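Okay, structure first, notes after.
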Amino acid sequence: MPTPERGATLEVSIWRGGAEGAMRTYQVPARENQTVLDIVTYIQRELDPSLAYRFACRVGMCGSCAMTVNGRARWTCRTHASRVVGPDGKLELRPLANLPVIRDLATDMAPFFDKWAKAGGRFQPKDAKDGAVPEEFAVVPPTSKQRREADAGIECIGCGVCYASCDVVAWNPDYLGPAALNRAWTLVNDVRDGARAERMEAVAGDAGCHSCHSTQSCTERCPKQLDPSASIAGLKRKLFWDTLLGRRG
Amino acid sequence: MSAARGQVHLWIVQRVTAMLLAVAVTVHLVTILLAVRGGLSAAELLGRLQGNAAWLCFYAVFALAAGLHGAIGLRNIAGESLGWRGRGFDLAWLGIGLLTALFGIRAAWGLYAA
């Protein structure tokens, strides 16, 4: 979108309601510098205080402001309006897909985090099964293969953009989704972790990594440029050989 | 055996059969190209296949791989688009796959033993 003229407005349509609802349109002043989150905040503060949405840090650290912007899941705080508003000055905002809508732009993230837990997303220290802090620091060489695999996925902040972008989640409500599986692969490669066998069982089968079609929407849309698709491929590969070689117990 | 374990086995069977099919389909296509050069006739087919255990083995493996691979693929499509999931459906698809394979193997045997 070219630099807006003085007095120009954007036509912003927003989902209002829960599972049932409708789009409502607002006229918002176009500014040279504004993010999509700025636009939503303007509407809530100046036009319609009943609008529900979620945000916290505003700088791409917390991952709580993800919404569907013109049909695509994005962090609204890191999406400049000029990148998504077309020449017609229109913008469409909906809540994240594949999650229950609480109201307006706020989704219930509980299923997302429940699946994170179900995939064995919690670090289980090998040396301290009761959760105590181990006495010695573990030495994990940064150049080791497993360390590099773990590092590749560790920066996930759980925003749900990949989950909302995944077709398999839409087709199979039991599917754990890219974020949970990426987390599992990160921990499988963490040499300090002691729950690898249970975690590999948790991510096997139709609800786990084996349903992934490798279409890579998760990788394409991850705002942190992570590659959950590669993590899922790693899980599949490991389960393939572990099963064939009888290493699964 | 847990349901998830069975699902992993089906996934593995589909991947392994895919590898077999990659080779088998190539051999099949090359054979077609070579076979039709001299004109395709029943006599020529029987000349190649009758009593030939190597070709019988090849077509038996080919038919088994194709039957299982196709049925497992259809199972996945049915699960995702129609919601047909569960052990009953899995066993039915496995049965369909083996039955399809059996038709192919029977045809190969027919030519071998003709």
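All chains are named by letter (A, B, ...) in the order of the sequence lines, taking the proteins before the strands, and each is independently numbered beginning at 1. No experiment lies behind these values; they were computed from the predicted model shown.
Using a 3.5 Å distance cut-off with no hydrogens or angles, the side chains of A:His213 and B:Glu80 do pair a donor with an acceptor.
Under a cut-off of 6.0 angstrom, the local environment of CZ in A:Arg247 is crowded, with over 12 non-hydrogen atoms contributed by other residues, nucleotides or ligands. Heavy-atom contacts from other residues, nucleotides or ligands closer than 6.0 Å to CZ of A:Arg78 number 12 or fewer. A 6.0 Å sphere centred on CH2 of A:Trp171 holds more than 12 heavy atoms belonging to other residues, nucleotides or ligands.
Just one residue in the list A:Trp15, A:Tyr53, A:Trp75 forms a side-chain contact (heavy atoms from CB on, under 4.5 Å) with A:Met67, and that residue is A:Tyr53. For the side-chain contact (heavy atoms from CB on, under 4.5 Å) with A:Lys115, the qualifying choice from A:Leu176, A:Asp174, A:Leu181 is A:Leu176, the only one to do so.
Scanning residues 188-204 of chain A against chain B with a 4.5 Å non-hydrogen threshold yields A:Glu201, A:Ala204, sorted by number.
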